[in-house]
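To start, the structure itself, in structure tokens.
Below, chain A is the first sequence line, B the second, and so on; all start at residue 1.
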Amino acid sequence: MNYLRLKKAKKIAAVLKKGKMVRAETLSIVYLPAEETEMAVCVGKKFGKSVERNRIKRLLREAFRAHAAKITSPVSLLLIPKVAKEYSVREFSRDIEKLLTKEKIVESSAP
RNA sequence: CGAGCGGACUACGCGGUCGCGGCGCGAGAAAUCGCGAUGAGGAAAGUCCGGGCAUCGCAGGGCAGGACGCCUGAUAACGUCAGGUGGGGGCGACCCCAAGGAAAGUGCAACAGAAAUAAACCGCCCGUCCCUUUUGGGAACGCGGGGAGAAAUUCCCGCGGCGGGCAAGGAUGGAAAGGCGAGGUAAGAGCUCACCGACGGGACGGUAACGCCCCGUGCCAUGUAAACCCCGUCCGAUGCAAGUUUGGGUCUCUCUCAUACGGGUUGCCCGCCCGAGGGAGUACCGUGAAUAACGCUGGAGCCUGCCGGCGACGGCAGGCGUAGAUAAAUGACCGCGCACGACAGAACCCGGCUUACAGGUCCGCUCGGAUC
RNA sequence: GCGGGUGUAGUUCAGUGGUAGAAUCCCAGCCUUCCAAGCUGGUCGCGUGGGUUCAAUUCCCAUCACCCGCU
């Protein structure tokens, strides 16, 4: 299943206000059922200069891309990482899978 | 070989798989899909200067304000760059400098010091009385203190003084009335002289800054203008969130204002322009609005060669087509290599400056040592 | 992206070319049976680097950090 970028500030505010937040070691996810699957990443200035922020966004999108195909019902998602010394796709991907499976947003990745 | 100086370049590479932005082609009614080539920097950064571009009821003048400041050139322009001049640093290659005016005026110069922009405090010398060959010594005078004595008076100690000459010396200070040496003198003094410095004039060289030489003046006098200031040159304001197009129309209510007024134009004045401008209600139709499209990338463009110029740069010829996003695109994984990968991400565009940066490559040069 | 402002003691603020100050905090002493209050004394600083000047917190330049405004 494909996904869209979540761009509108009003929609992001709505997700933050009404959505459910779940946390893991490296990031948090806020989600809200919607008509289409949308995703946004939140990387503020506390993460460093623009080069470092851009890299975190790329890593998050790369990690999310693998799991987007398995989403069963449309949902709006916000991916909020936590400040760390180093970031890796493996850790983000592991935590995204753990959270989405726990909240039954994706079909259980049995294989 | 060691130490160093200047300049230029580079910024992990290769292969595979999956993905992203806009573009082209093809398919499709459309969403979208497929294929192809392409896609961050030398600083993209800081936003410190300069310009292009855009807008303003018009861009005119003056004041205020700001910036710059050796000369000549380069350039669209600059606070940038190039080549020179002068000054400073280094043995040297070379590096650094906001470097106009202090006899237009005003201000400031703490502390120290005799004195701070100003001259006589100490001092030196001659004379005024006496003695002495001289060095020197003494007396007389005034003031203060002390002792003796009934008092007149007398003794001792200290300080000071008369008439002139002088600016050499005086523990300071960033700065002390040109410096230093000699002559000279009662003592001294650019008083005189040599050298250096300063100032004025002239000749020569240079486009100029300036250099160099000659002559003259005994020397009108500190520093600070990145203090106010003076002189010269330049500056309209606002910045792509500029601005353009679609983004509505009707109705009701209301505020300000009428040429001696209001609004706009640059902070102020003059001048000029306009006669209307704004707000609210949300009743009806309409309505993606922090939106869509344009601005948005072909430009003082880049590369190569030749020519002119010491150079910055300019001219000519040929070639290239080289990000254009809008919550914002370059990444992940695997393999190989090694020096194990620094600083860092376009947001209208250029020219500079400044700051950050693991390393690597090349060219030219200096000093020292050794060897031939 | 564009424009503007501020950095002085642990904290809140003065100062504006020559010695850096107030309150509070902290420390020590006195007072008190002890604590608080009070009294006395003390420690601690001009964001950083250059430049101008005899002399810089002050003037100039660069840099760093923080804050504000413009849709």
Side-chain angles (χ1 to χ4, degrees):
Chain A
M1 186 171 199
N2 294 317
Y3 69 96
L4 301 173
R5 291 284 179 77
L6 177 55
K7 296 178 176 179
K8 300 294 178 66
K10 286 179 181 173
K11 288 188 176 180
I12 291 174
V15 172
L16 278 172
K17 190 174 180 181
K18 302 177 185 174
K20 180 178 181 182
M21 175 178 273
V22 290
R23 303 164 200 276
E25 189 178 337
T26 61
L27 80 162
S28 302
I29 293 178
V30 183
Y31 71 96
L32 184 68
E35 297 180 356
E36 291 181 294
T37 296
E38 298 175 314
M39 187 275 286
V41 297
C42 297
V43 183
K45 283 206 170 179
K46 65 181 177 180
F47 291 90
K49 297 192 175 186
S50 57
V51 170
E52 186 65 15
R53 296 200 303 271
N54 283 341
R55 175 171 171 79
I56 295 170
K57 291 180 200 170
R58 289 184 196 121
L59 294 174
L60 279 173
R61 291 195 196 109
E62 180 69 24
F64 177 77
R65 192 168 54 84
H67 302 286
K70 298 181 290 184
I71 291 175
T72 52
S73 63
V75 65
S76 290
L77 296 134
L78 288 183
L79 271 54
I80 306 170
K82 295 183 178 178
V83 175
K85 284 183 181 177
E86 291 183 3
Y87 306 87
S88 74
V89 164
R90 292 183 198 280
E91 293 182 359
F92 282 143
S93 181
R94 182 197 65 209
D95 283 346
I96 288 172
E97 180 176 9
K98 189 166 73 181
L99 291 174
L100 295 186
T101 304
K102 177 183 172 188
E103 296 298 318
K104 296 184 172 53
I105 295 171
V106 302
E107 51 193 16
S108 62
S109 55

Opposite nucleotide pairing with [N], Watson-Crick or G-U, both atom distances under 3.5 Å:
N: G69(C); result: C2(C)
N: C166(B); result: G123(B)
N: A227(B); result: U106(B)
N: C199(B); result: G216(B)
N: U80(B); result: A74(B)
N: C320(B); result: G301(B)
N: G39(B); result: C20(B)
N: C14(B); result: G335(B)

Tell me whether [N] sits syn or anti, counting syn as a glycosidic angle within 90° of 0.
N: G57(B); answer: syn
N: A344(B); answer: anti
N: C23(B); answer: anti
N: A40(B); answer: syn
N: G42(B); answer: syn

Atom [atom1] of [X] to atom [atom2] of [N]: distance rounded to whole Å?
X: K49(A); N: A65(C); atom1: NZ; atom2: C1'; value: 12 Å
X: Y87(A); N: G331(B); atom1: OH; atom2: C1'; value: 17 Å
X: I56(A); N: G345(B); atom1: CD1; atom2: C1'; value: 14 Å
X: L60(A); N: A328(B); atom1: CG; atom2: P; value: 12 Å
X: E52(A); N: G331(B); atom1: CD; atom2: P; value: 13 Å
X: E62(A); N: U330(B); atom1: CD; atom2: P; value: 10 Å
X: M39(A); N: A327(B); atom1: CE; atom2: C1'; value: 12 Å
X: R53(A); N: A44(B); atom1: CZ; atom2: P; value: 19 Å

Establish, with yes or no, whether the OP1 or OP2 oxygen of [N] is under 4.0 angstrom from a side-chain nitrogen or oxygen of [X].
X: R90(A); N: C334(B); answer: yes
X: R55(A); N: A332(B); answer: yes
X: R61(A); N: A328(B); answer: yes

Taking only the side-chain heavy atoms of [X] (C-beta and beyond), determine which of [options] contains the nearest atom.
X: V51(A); options: A344(B), G331(B), A40(B); result: A344(B)
X: R65(A); options: G19(B), A332(B), G345(B); result: G19(B)
X: S50(A); options: A346(B), G331(B), A40(B); result: A346(B)

Determine the interatomic distance between [atom1] on [N] and the same-named atom on [M]; round to the nearest Å.
N: U48(C); M: G368(B); atom1: C1'; answer: 39 Å
N: G46(B); M: U355(B); atom1: P; answer: 16 Å
N: A300(B); M: A74(B); atom1: C1'; answer: 14 Å
N: G298(B); M: A317(B); atom1: P; answer: 23 Å
N: G174(B); M: G51(B); atom1: C1'; answer: 46 Å
N: C228(B); M: G66(B); atom1: P; answer: 9 Å
N: G360(B); M: C353(B); atom1: P; answer: 26 Å
N: C81(B); M: C294(B); atom1: P; answer: 41 Å

Margin query: Can you give me the closest heavy-atom contact between S93(A) and A63(A), atom names plus distance?
Written below: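 In this case the closest contact between S93(A) and A63(A) is N-CB, 3.7 Å.
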Margin query: Testing the basics here: between V75(A) and L32(A), what is the closest heavy-atom pair and its distance to 0.1 Å?
Written below: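 So the minimum-distance heavy-atom pair works out to CG2-O, 3.3 Å.
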Checklist line | RNA chain B: 5'-proximal contact among N54(A) and S88(A) (nearest heavy atom) | finding: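 Of the two residues, S88(A) wins.
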Next item on the list: Answer with base, sugar-phosphate or nothing: what part of the nucleic acid does K57(A) contact at a heavy-atom distance below 4.0 Å?
Entry: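 Here K57(A) touches no strand at all.
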Next item on the list: Give a yes or no on whether K82(A) atom NZ has more than 12 heavy-atom contacts from other residues, nucleotides or ligands under 6.0 Å away.
Entry: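 Correct, the count exceeds 12.
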Next item on the list: Please answer: with hydrophobic residues joined when any side-chain heavy atoms are less than 4.5 Å apart, are V83(A) and V51(A) in the same cluster?
Entry: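 Cluster IDs for V83(A) and V51(A) differ.
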Notebook entry, point to check: Out of V43(A), L60(A), V30(A), V41(A), which residue meets the side chain to side chain contact (heavy atoms under 4.5 Å, CB included) rule with I80(A)?
Noted result: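 Of the listed residues V43(A), L60(A), V30(A), V41(A), the side chain to side chain contact (heavy atoms under 4.5 Å, CB included) partner of I80(A) is V30(A).
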Notebook entry, point to check: Could you state the interatomic distance from CZ (F64(A)) to CD1 (I71(A)), rounded to the nearest 0.5 Å?
Noted result: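 Going from CZ on F64(A) over to CD1 on I71(A), the span is 4.0 Å.
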Notebook entry, point to check: Quick one: does D95(A)'s side chain have a donor or acceptor within less than 3.5 Å of a partner on T26(A)'s backbone?
Noted result: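 Checked: pair present.
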Margin query: Base of G345(B), side chain of R58(A) - is there a donor-acceptor contact under 3.5 Å?
Written below: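 Yes, a donor-acceptor pair under 3.5 Å.
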Check: Are the side chains of E52(A) and Y87(A) in touch, meaning some heavy atoms are under 4.5 Å apart?
Finding: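 SC-SC contact between E52(A) and Y87(A) confirmed.
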